[in-house]
Student: 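So that we are looking at the same thing, I have put the structure below in structure tokens.
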Amino acid sequence: MYLNKQEIEKEITDNKLFVRPLLDQTQITNLSIDLRLGCDFLVSIKCRDPFIDATRENDAYENIYKFYQETRRQVGETFFLHPNQTIMASSLEYVKLPKDLSAVIDIRSSYARLGLSMSSSLEPGYCGCISIVLTNTSMNPIKLAVGARIFTMKLIRVNNDTPSYFESKRKYMCQVRPVLSNISEDKDLALLEKIRIGI
């Protein structure tokens, strides 16, 4: 069950839930916290490589990096997202969840109606700016304002016995800017490689 506005405000007041900066108290709605588009972007581009390599056969990170370009905007400036283009961005807010809350991140309906698509989730104890993969599924470019409330975070109470976020090694921990996929670290790819060569 999602936390309501009063429960969210109590978590923040009791310093259990950390969300900064909250530029406007209206960001806390009946069942969620609206989050703003941050300043840093990794923009998908075409390059000379014929495909993105999501295997362990080559240096996957080096290959993936070629397909993205870094750019930065100030709060209030604008950013164009072209049809069928995907960008990696992050929330303007830095978030720290307590051990007994997880979160579901989704696009606000006003932006979904324009053709923007994204979704994500956060485990209990998560800390950092929230990474967002945003895609324009419409046939038209969309002009976005940096700092606009584009995403929403719904909080869910979970069992307090959940292991700490920091108890295991993670690929994307405490990030404050968008980070490219580090898929080459996935253990299942190493397992598939062993099966392929017959080990």
Student: With sequence neighbours excluded, tell me which residues meet side-chain contact (heavy atoms from CB on, under 4.5 Å) with Ser138.
Tutor: Asn136, Asn140, Ile142
Student: Specify the closest pair of heavy atoms between Leu155 and Ala103, including all atoms of both residues, with the distance to one decimal.
Tutor: CD2-CB, 3.9 Å
Student: To check you understand the geometry: which heavy-atom pair defines the closest contact between Pro178 and Ser131, and what is its length?
Tutor: CA-OG, 4.4 Å
Student: Which value, rounded to the nearest 0.5 Å, describes the distance between Cys47 atom SG and Tyr68 atom OH?
Tutor: 11.0 Å
Student: Any chance you could lay out the side-chain contact (heavy atoms from CB on, under 4.5 Å) test for Leu22 and Ile28, step after step, and finish with the verdict?
Tutor: CA-CA 9 Å; Leu22 279 174; Ile28 303 174; 4.3 Å; yes
Student: Distance from Asn159 atom CG to Lys99 atom NZ, nearest 0.5 Å?
Tutor: 9.5 Å
Student: Any ring pair (Phe, Tyr, Trp, His ring centres under 6.0 Å) pairs touching residues 27-48, not counting sequence neighbours?
Tutor: Phe41-Phe79
Student: Please name all residues satisfying side-chain hydrogen bond (donor to acceptor under 3.5 Å, both in side chains) with Lys5, sequence neighbours left out, ordered by chain then number.
Tutor: none
Student: For Gln27, give me all partners under side-chain hydrogen bond (donor to acceptor under 3.5 Å, both in side chains), at least two apart in sequence or on another chain.
Tutor: Arg36, Glu93
Student: Between Val19 and Met153, is the side-chain contact (heavy atoms from CB on, under 4.5 Å) condition met? List the steps.
Tutor: CA-CA 11 Å; Val19 183; Met153 176 172 68; 4.2 Å; yes
Student: Please evaluate residues Ile87 and Leu81 with respect to the criterion side-chain contact (heavy atoms from CB on, under 4.5 Å), reporting the C-alpha separation (whole Å), side-chain torsions for both, the decisive distance (0.1 Å), and the verdict.
Tutor: CA-CA 8 Å; Ile87 62 167; Leu81 188 56; 3.5 Å; yes
Student: Roughly how far, to the nearest 0.5 Å, is the CD1 atom of Ile12 from the CZ atom of Phe18?
Tutor: 10.5 Å
Student: Can you name the closest pair of heavy atoms from Pro98 and Leu17 and give their distance?
Tutor: CD-CA, 4.1 Å
Student: Is there a path of hydrophobic side-chain contacts, each under 4.5 Å between heavy atoms of I/L/V/M/F/W/Y residues, joining Leu97 to Leu92?
Tutor: no
Student: Can you pull out every salt bridge (charged side-chain N to carboxylate O under 4.0 Å, His left out) where at least one residue sits in residues 16-30? Sequence neighbours excluded, please.
Tutor: none
Student: Go through the structure and list residues passing side-chain hydrogen bond (donor to acceptor under 3.5 Å, both in side chains) with Thr86, not counting sequence neighbours.
Tutor: Thr135
Student: Rounded to the nearest 0.5 Å, what's the gap from CG on Leu134 to OG on Ser44? Could you check?
Tutor: 10.5 Å
Student: Kindly list each side-chain donor-acceptor pair under 3.5 angstrom involving residues 69-77, sequence neighbours excluded, with atom names and distances?
Tutor:
from  : atom 1 : to    : atom 2 : distance (Å)
Glu70 : OE2    : Tyr65 : OH     : 3.0
Thr71 : OG1    : Arg73 : NH1    : 2.6
Arg72 : NH1    : Asp40 : OD1    : 2.8
Arg72 : NH1    : Asp40 : OD2    : 2.7
Arg73 : NE     : Thr78 : O      : 3.2
Glu77 : OE1    : Gln74 : N      : 2.9

Student: Apply the test side-chain contact (heavy atoms from CB on, under 4.5 Å) to residues Leu37 and Leu144: give CA-CA distance (whole Å), side-chain angles for both, the deciding distance (0.1 Å), then the verdict.
Tutor: CA-CA 9 Å; Leu37 182 63; Leu144 300 173; 4.3 Å; yes
Student: With sequence neighbours excluded, tell me which residues meet side-chain contact (heavy atoms from CB on, under 4.5 Å) with Ser32.
Tutor: Thr29, Asp34, Thr152, Lys154
Student: Can you tell me how far apart CG (Asn84) and OG1 (Thr137) are? Round to the nearest 0.5 Å.
Tutor: 8.0 Å
Student: To the nearest 0.5 Å, tell me how far Phe67 CZ sits from Ile45 CD1.
Tutor: 9.0 Å
Student: Taking the side chain as everything from C-beta on, heavy atoms only, tell me whether Met88 gets closer than 4.5 Å to Ile132.
Tutor: no
Student: Under the 4.5 Å side-chain heavy-atom rule for ILVMFWY, direct or indirect, which residues accompany Phe80?
Tutor: none
Student: Name each donor-acceptor pair under 3.5 Å that joins a side chain in residues 105-119 to protein atoms two or more places apart or in another chain, with its distance.
Tutor:
from   : atom 1 : to     : atom 2 : distance (Å)
Arg108 : NH1    : Arg149 : O      : 2.6

Student: Just to verify, what does Ser91 make a side-chain hydrogen bond (donor to acceptor under 3.5 Å, both in side chains) with, not counting sequence neighbours?
Tutor: none
Student: I'd like to check the side-chain contact (heavy atoms from CB on, under 4.5 Å) partners of Asn4; sequence neighbours left out, ordered by chain and number.
Tutor: Gln6, Glu7, Leu31
